[in-house]
S.K.: 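Sending over a structure as structure tokens; questions will come in a sec.
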Amino acid sequence: GSLITTTPLPADYVEGVSGFGPFVLGGAVPIGTTAFEPWFTPFGDTDSSAFKGKTKTESWATFGWLELDFFDERFTARVEARYTYQEEDVKSVITDFDPATGAETGRVEQAGSGDWDFWTGRFSLQFRPNDNWMLYGTVANGTKAGFIEFVEGDVVNGDPLELILPVDKEKNTSYELGAKGTASDGK
């Protein structure tokens, strides 16, 4: 976490010399939060903004599959399908502070929401030429739901420089061919 002053620093405070330790090498090198100057700014550097966010996500899905054996059970076809719905609500607060006093100089609260729904599925076909071997092929598609991304910004005249951004869902299609079996030597 970061520290923010809530009152002015003491009059005898000397940046880079005064501190709340710990120090190493005879007090010459600060470690921990003391390594970040100036003291007590929101992110341990010269940034004068603080960012807080909250995300609420609801998601549900339903899944089904159908499998069929044919040609004396030497072939098996399988179809799988999943429907997914996801909803996301986000809230954020960007607050500007005076780095010298820690006084709040501006605040913007934002909210955003998004929802995504999609189908994913897989089709596979297996062939068993004998009891020891199986050949198979699979085609599958996958989808990662989108989301609302917090983008940290500064407050300028009561408006954030950057907003909460929706990120669209990502899609993937994969193909697999393979064989599983036992060789004559038992491997």
Side-chain angles (χ1 to χ4, degrees), residues 1-4 41-97 104-182:
S2 301
L3 300 173
I4 300 171
T41 56
F43 300 101
D45 55 21
T46 59
D47 191 346
S48 61
S49 292
F51 176 82
K52 292 183 181 179
K54 180 180 181 180
T55 302
K56 177 184 174 187
T57 303
E58 288 187 30
S59 181
W60 62 267
T62 185
F63 173 79
W65 60 271
L66 176 65
E67 187 173 280
L68 177 65
D69 293 324
F70 53 98
F71 294 119
D72 294 328
E73 298 186 2
R74 293 179 65 196
F75 283 92
T76 302
R78 183 177 175 120
V79 176
E80 302 172 26
R82 175 185 301 270
Y83 175 79
T84 303
Y85 176 82
Q86 181 168 313
E87 185 176 306
E88 192 168 270
D89 295 306
V90 297
K91 294 180 181 177
S92 73
V93 177
I94 300 172
T95 309
D96 262 7
F97 295 92
E104 184 177 312
T105 59
R107 172 186 291 243
V108 171
E109 295 185 21
Q110 302 178 91
S113 64
D115 60 81
W116 300 267
D117 67 322
F118 48 89
W119 285 93
T120 55
R122 179 168 55 176
F123 173 76
S124 61
L125 182 63
Q126 299 176 357
F127 171 60
R128 296 181 186 276
N130 58 48
D131 289 341
N132 294 329
W133 283 92
M134 177 187 69
L135 308 173
Y136 65 93
T138 302
V139 177
N141 74 322
T143 302
K144 177 182 173 186
F147 59 94
I148 303 295
E149 181 177 40
F150 287 121
V151 179
E152 185 182 323
D154 292 318
V155 178
V156 176
N157 298 324
D159 296 319
L161 293 175
E162 300 178 70
L163 302 174
I164 297 173
L165 303 174
V167 177
D168 203 5
K169 58 191 170 199
E170 298 175 14
K171 296 181 180 184
N172 173 7
T173 301
S174 62
Y175 306 90
E176 181 179 3
L177 293 173
K180 297 179 181 180
T182 304

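All values reported here derive from a predicted model rather than from experimental measurement.
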S.K.: About how many Å separate OG1 of Thr138 and CZ of Arg78, when rounded to the nearest 0.5 Å?
M.R.: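 These two atoms lie 10.5 Å from each other.
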
S.K.: Do the non-hydrogen side-chain atoms of Asp168 and Trp116 ever get within less than 4.5 Å of each other?
M.R.: yes

S.K.: Return the minimal non-hydrogen interatomic distance between Glu88 and Ile148, and the atom names on each side.
M.R.: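 Looks like OE2-N, 2.5 Å.
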
S.K.: Can you say whether the rings of Tyr83 and Trp60 are parallel (under 30°), tilted (30 to 60°) or perpendicular (over 60°)?
M.R.: tilted

S.K.: Hey, could you give me the CG/CZ distance between Leu66 and Phe123, rounded to the nearest 0.5 Å?
M.R.: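 Rounded to the nearest 0.5 Å, the CG-CZ separation comes out at 10.5 Å.
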
S.K.: Closer than 4.0 angstrom, basic N to acidic O: yes or no for Glu80 and Arg82?
M.R.: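 Salt bridge between Glu80 and Arg82, a charged N being under 4.0 Å from a carboxylate O: no.
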
S.K.: When you measure from the side chain of Asn130 to the backbone N and O of Asn132, does any donor-acceptor pair fall under 3.5 Å?
M.R.: yes

S.K.: Answer with yes or no whether the side chains of Asn141 and Thr120 bring together a donor and an acceptor at under 3.5 Å.
M.R.: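 Note: Thr120 and Asn141 side chains miss the donor-acceptor criterion.
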
S.K.: Please identify which of these residues, Gln126, Glu176, Lys180, meets the side-chain hydrogen bond (donor to acceptor under 3.5 Å, both in side chains) condition with Tyr136.
M.R.: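 For Tyr136, the side-chain hydrogen bond (donor to acceptor under 3.5 Å, both in side chains) test succeeds with only one of Gln126, Glu176, Lys180, which is Glu176.
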
S.K.: How many angstroms lie between CZ in Arg122 and OG in Ser174, if you round to the nearest 0.5 Å?
M.R.: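 Reported to 0.5 Å precision, the distance equals 8.5 Å.
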
S.K.: For Asp117 versus Lys169, what's the shortest heavy-atom pair and its separation?
M.R.: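 Closest heavy-atom pair between Asp117 and Lys169: O-NZ, 3.2 Å.
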
S.K.: Rounded to the nearest 0.5 Å, what separation is found between the CG atom of Asp115 and the OH atom of Tyr85?
M.R.: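 So the CG of Asp115 and the OH of Tyr85 are separated by 4.0 Å.
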
S.K.: If you round to the nearest 0.5 Å, how far is CZ of Phe118 from CD of Gln86?
M.R.: 7.0 Å

